There are 2 protein chains.
Amino acid sequence: MAKTPANGSARTPRRKDGLSRDVIIQTAIELLDGGGESALTLRALTVHLSTGYGAIYHHVADKGDLLSTATDEVFARVLTGAVVDTDPRESLRRLALGLFDAIDAHPWVAAELSRQPWRPALLDFYESIARLLDALDVPARARFDAAGTFMSYVLGEAVQNAANARHLADNGTDRAAFLDAAAAHWAEVDPGKYPFVHAAVKQLREHDDREQFLAGVDIVMAGIATLR
Amino acid sequence: MAKTPANGSARTPRRKDGLSRDVIIQTAIELLDGGGESALTLRALTVHLSTGYGAIYHHVADKGDLLSTATDEVFARVLTGAVVDTDPRESLRRLALGLFDAIDAHPWVAAELSRQPWRPALLDFYESIARLLDALDVPARARFDAAGTFMSYVLGEAVQNAANARHLADNGTDRAAFLDAAAAHWAEVDPGKYPFVHAAVKQLREHDDREQFLAGVDIVMAGIATLR
DNA sequence: ACCTGAACACCGTTCAAGT
DNA sequence: ACCTGAACACCGTTCAAGT
C-alpha cells in the first residue's frame, strides 16, 4: 500500500481507523501535557490525528468541551488509583495528595478548574471527603462547611502549585534554580517593611511542596476536629 | 482649532489629552468588569480610548502586562480599604472577607490569580496575615505553614466563588434561579451512590456564600490555634 | 516622544463538498 | 455517518509612517 498519489495536489491520506471521541481527548491530553494550554490548538490536533477540522468537530462540541472532558479524565484517573486506608485520617491525606500530584503533573487542569470548579469528577471527590469526615465523627450539621473548606484548601493549594509547575516547565529550569531565583527576587523586598515575608524566604528555599501541602491538610483537619 | 479635515478619508481625530499607562489600566478594568475576560481586547481598548494600537503598546508591554497590572490594582484597593480591628482574629476575618468580596466583584482576577499566584499585592496580604498570626501567638516555627494554609484556603474559595459569579453574570440570571438550577442538576445524582452530595444539595439552596466562607476561615484559624 | 492604522501571523469555527 | 480543507471572523502584535 502506501501508494504515492498520482495527483500532485492530492489530499493527505485519510486515516484508516475511525476517529473517536476518546482518541481525540487522549491526544488533547498529550498535547496539553507536552506544551501547556497554548499547545492545544485545533490545527495541532488535525496534524497529530492526520485528519481535518470537521472530523474533530463531529465528535466534539468545541474547544471548551475538549478541555473540560480532558480535565474530567485526569481526575477520574486519580480517583481510580486512590488507595484506601483503614484510617480515615490517612485516607483523607492520600486523597488530597493524589489530587495535588495530579495537578502538579497536569498543570493545565488548574485553569480549567478555575473556570468550572464543579465538574462531575469532583463530585466523587466531595463524596469521598464527606464520607471520611463522617467516619471521623464530624457531626452532620458541620459536615457541609467542613467538606467545603477541605476542598477549597486542596484546590487552592493545587492551583498555586500548578502555577509553579508551569513556570518550571516553561523556563526549562530545574526546581533549585527556580526557587533560588524566586527567593532572590523576594529577598529584595524591604525587610523593614516586610519582616514576615523576609523570614518566609529562607523557609521557601528549603521547603518541600508536598510536605507543606500535607502540613496544611493537617491544619484544616485539626480545625475540623474542633467542630463538635 | 478643531478644524475638519479637508480629506474625506481623514483619520479619526486623535485624542487631545495625552494617553497614560494609568488611564489604559483603568479602562481595561472597566472592560473586564463589564464583560468579563473576553471583553478585554486590544480593539475594544482602542475604541474606548479613541486611539490606535501603537499608542497602547507604547505604554504597556502586552496583554499579559495589562491583565496582571489590573489585578494588582484591584488587590491594592482591597488592602487600602482594609479596616483594622483591635482583635487580631477579627482583623483576619475582615482581611479575608475583603479579598473574597473583591474577587466576587471582579471575577476575572481569578484567572489571573491562577496564572500568577504571587503578584506583589499579595505580598502585602501575606505580610498582614503573618503579622496577625504573630499577634495570635502562633509560634514562629509554625507561622510559615499557617500563613500559607490560610492564603491557600482564601484563594481557593475565592476562585470557586468567582466561577459562580461569572456564571451569574454571563447568564444574566439571578442568584436564586442559578442555585435552583444547580441544585436541580445535582439532585439528579444517584442518592444511593452519592448520599453526602445529595445531602449537601439541600444546604446549597439555603446557604450564604460569605457566611460559608467565614465558617471556613474559622475552621482554618481553629486548626492553626492547635499549633503549639 | 507619542501616536496612527494597515498588515501579519495566528486563532476557533463553519460548511459545501466529498466518500 | 463520517470526513476534508478552504474560507470566515476574529484575535494579539508589529512597524513604517505621521505629528
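On a predicted model such as this, the values are computed, not experimentally measured, just so you know. Chain identifiers are assigned alphabetically (A, B, ...) following the order of the sequence lines, protein sequences preceding nucleic acid strands; residue numbering begins at 1 within each chain.
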| field | Atom of B:P117, atom of B:L122 and distance for their closest heavy-atom approach | value | O-CD1, 3.1 Å
| query | Please, which pairs that meet salt bridge (charged side-chain N to carboxylate O under 4.0 Å, His left out) have at least one residue in residues 94-118 of chain A, sequence neighbours excluded? | reply | A:E37-A:R115, A:D85-A:R94, A:E90-A:R94, A:D101-A:R210, A:E112-A:R115
| Any Lys/Arg nitrogen of A:K193 or B:D124 sitting under 4.0 Å from an Asp/Glu carboxylate oxygen of the other? | no
| remark: Protein heavy-atom contacts under 4.0 Å, written 5' to 3' over nucleotides 9-15 of chain D as B (base), S (sugar-phosphate only) or - (none), form the string --SSBBB
| In whole Å, what is the span from the CG atom of A:L19 to the P atom of D:dG5? | 14 Å
| field | Sole residue of B:T71, B:L40, B:L31, B:L113 in side chain to side chain contact (heavy atoms under 4.5 Å, CB included) with B:W108 | value | B:T71
| Which whole-number value in Å describes the distance from A:L45 CG to D:dT4 P? | 13 Å
| said: Under 3.5 Å for both donor-acceptor distances, Watson-Crick or wobble: does D:dA7 have a partner, and if so which one? | reply: C:dT13
| request: Scan every strand shown for a Watson-Crick or G-U wobble partner of D:dG18, both distances under 3.5 Å, and answer none if you come up empty. | output: C:dC2
| said: I'd like to know if A:E206 pairs up with A:K202 as an ion pair, taking the criterion as any Lys NZ or Arg NE/NH1/NH2 lying under 4.0 Å from an Asp or Glu carboxylate oxygen. | reply: no
| said: From NE2 of A:H58 over to C1' of D:dG5, roughly how many Å is that when rounded to an integer? | reply: 16 Å
| task | Could you go through the side chain to side chain contact (heavy atoms under 4.5 Å, CB included) check for A:V159 and B:L155 one step at a time? | result | CA-CA 9 Å; A:V159 164; B:L155 295 183; over 6 Å; no
| said: If you compare every side-chain N and O of B:H59 against the phosphate oxygens of C:dC3 (OP1, OP2), does one of them come in below 4.0 Å? | reply: yes
| message | Distance check needed: D:dT4 C1' versus A:L49 CG, whole Å only. | response | 14 Å
